[in-house]
There are 2 protein chains.
Amino acid sequence: MTAGTGSRRERLRKATLDEIHGAVRTLLVEQGPGAVTINAVARQVGMSGPALYHYYASHDELVGAVTAGFLRELATAMEQARETRAEEPVGRRIVAVCRAMRAWAIAHPAEFGWIFAGPISPANRRPESTRHRAGQRFEQILLDLTVELWQTRPFPVPEPDELPESLRTQLAAYSASIDGRLPLEAAHVFLGCWTRLYGLLCMEILHQLDFAYTDLEPVFEECLRELIGALGLDDPDQPAA
Amino acid sequence: MTAGTGSRRERLRKATLDEIHGAVRTLLVEQGPGAVTINAVARQVGMSGPALYHYYASHDELVGAVTAGFLRELATAMEQARETRAEEPVGRRIVAVCRAMRAWAIAHPAEFGWIFAGPISPANRRPESTRHRAGQRFEQILLDLTVELWQTRPFPVPEPDELPESLRTQLAAYSASIDGRLPLEAAHVFLGCWTRLYGLLCMEILHQLDFAYTDLEPVFEECLRELIGALGLDDPDQPAA
DNA sequence: TATGTTTGCTTAATGCCTCTAAATAATCTA
DNA sequence: TAGATTATTTAGAGGCATTAAGCAAACATA
């Protein structure tokens with residue numbers, strides 16, 4: 001064997017898969033989601049139609065696989081931002097990861113739009129789907145950082161008694177689902193931050209705010225500042241207060 | 001003429017249009033967005049295929065018209081909530097309108113999802129599209145109430161000097177686009193409220209928060225309380241403080 | 001009331017799509 | 001080298017968007 005793992009066949013197959021993913025991406029970016037058809041993709045990679053079914057069992061599966069790849073790419077970009085700042089305090093890492101998330105979305109709007117608003121079929125929400133797993137990794141990055149922050153320098157949280165009963169129940173379930181790494185009141189703060197950040201980004205990329213803004217960078221930065229405040233951090237862009 | 005306006009033919013045409021919209025809605029709700037095809041809709045109303053082209057020039061146009069109808073329905077529900085409380089203070093009307101917005105979205109998730117993530121084609125974003133006009137009416141309801149609040153009982157706003165230059169420019173343009181009914185610093189507060197509220201609702205309906213919540217009602221209510229605080233209002237659920 | 005236009009609808013046909021089936025060529029394995 | 005596996009092809013069924021051509025009922029009007 002000269003390079004990589006697996007047999008020659010496996011390497012060729014992987015190369016073809018990469019080419020297929022690339023073709024899907026090209027079609028998506030250049031001609032929109034509707035242009036991503038099995039036939040068009042096959043044409044792009046130089047095979048004819050049904051050959052693609054040796055790689056994916058259906059159009060849905062192809063779309064799901066590519067979407068999961070986009071999510072992985074986004075997660076990797078965020079992890080990279082985290083790793084290159086491994087020595088800095090957790091507050092700066094959080095900010096860097098959030099900015100990396102938006103930077104990827106801005107650089108790849110078609111892909112990000114597809115992740116969010118593309119295949120909303122129930123199948124993609126079942127826990128065993130590739131899509132779902134890739135999404136979990138994405139969500140987990142900020143969760144991990146928040147847990148680290150919580151353990152090293154707990155942020156202000158509401159009294160659980162102040163939260164409505166039904167919310168407390170749900171937060172308890174979520175807290176359990178992350179192995180109790182955050183107590184429910186801290187999970188509440190985390191989820192609030194996540195919702196605002198991710199929600200703002202989705203609205204931006206899906207053009208729901210075009211009626212008012214042409215560039216949401218300062219809005220995102222303000223959101224980030226509020227988030228930093230909610231997490232009880234000093235302004236991480238200032239070296240020291 | 002026995003009833004309504006217009007000739008017999010016009011009435012019949014309108015009835016057929018209503019039937020078509022109903023068929024689209026049924027297909028959307030029962031079988032998802034992918035089931036809304038020209039042929040399926042035609043079958044549902046008992047005509048065969050191309051007959052629909054006497055009512056809409058293309059699939060896109062049909063979808064756009066139905067989507068605009070959904071937006072009108074949502075806007076009407078919000079306006080109704082406002083009108084039935086015409087005598088109450090503006091703070092309560094704002095809360096009622098926001099709750100009406102979520103109530104409609106919860107009652108019609110497929111339709112709301114379609115409004116938001118359905119036809120994201122550039123054509124639907126051009127100002128002359130029916131879709132865009134219906135969207136404007138929707139956004140305007142809370143804007144009108146916010147303007148009324150601003151004129152009767154101004155809410156706290158940031159100093160314009162504290163806002164970054166690029167944000168100030170954009171807010172000035174938006175303020176002008178609403179005929180200066182809100183100065184840019186008040187527009188900033190309004191847009192922040194709108195973004196959070198609408199963003200949260202979109203995330204909920206599009207299942208982006210299923211990993212943590214099963215029922216977002218208490219989350220929405222908390223968001224509403226924060227919004228009320230940002231607008232300097234007393235808790236509108238309490239008769240008097 | 002007879003006539004011509006408008007309107008609503010039908011069938012036929014084109015070209016795209018998804019996906020299945022059967023057949024063929026190339027490549028690995030033993 | 002023979003058999004199994006894999007990659008790929010063509011043929012075809014069935015669906016969809018859309019256009020074209022044509023028919024029949026309803027309408028307007030002279």
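Throughout, a chain's letter reflects where its sequence line sits, starting with A, and its residues are numbered from 1.
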How close or far is atom [atom2] of [N] from atom [atom1] of [X], stated in whole angstroms?
X	N	atom1	atom2	answer
B:L17	C:dG8	CG	P	9 Å
B:E61	D:dA17	CD	C1'	14 Å
A:K14	D:dA7	NZ	C1'	18 Å
B:L27	D:dC16	CG	C1'	14 Å
B:I20	C:dC9	CD1	P	8 Å
B:E19	C:dG8	CD	P	14 Å
B:I38	D:dT19	CD1	P	10 Å
A:M47	D:dA7	CE	C1'	8 Å

Base, sugar-phosphate or nothing for A:T16? Non-hydrogen atoms, less than 4.0 Å. nothing
[N] OP1/OP2 closer than 4.0 Å to side-chain N/O of [X]:
X	N	answer
A:R43	C:dC17	yes
B:R11	D:dA26	no
A:R13	D:dA7	yes
B:H59	D:dA17	yes
B:N39	D:dC16	yes

Does the pair B:R102/B:E217 count as a salt bridge with the N-to-O cut at 4.0 Å?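 Salt bridge absent between B:R102 and B:E217.
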State which of C:dA12, C:dT18, D:dT9 makes the closest approach to the side chain of A:P50.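 Of C:dA12, C:dT18, D:dT9, D:dT9 is nearest to the side chain of A:P50.
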So which nucleotide from D:dA20, D:dA17, C:dA21 ends up closest to the side chain of B:Y53?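 That would be D:dA17.
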Judged by each residue's nearest nucleotide on DNA chain D, which is more toward the 5′ side, B:S58 or B:L12?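 Here B:S58 is the residue nearer the 5' end.
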By nearest-heavy-atom nucleotide on DNA chain C, the more 5' of A:T37 and B:Y55 is B:Y55
Would you compute the distance between atom CG of B:L62 and atom CG of B:L52 and round it to the nearest 0.5 angstrom? 6.5 Å
Ring centroid separation B:F138 to B:Y198 under 6.0 Å: yes
Can we call the ring centroids of B:W194 and B:Y174 under 6.0 Å apart?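 No, ring centres 6.0 Å or more apart.
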Check the angle between the aromatic planes of A:W104 and A:F70 and answer parallel, tilted or perpendicular using the 30° and 60° thresholds. tilted
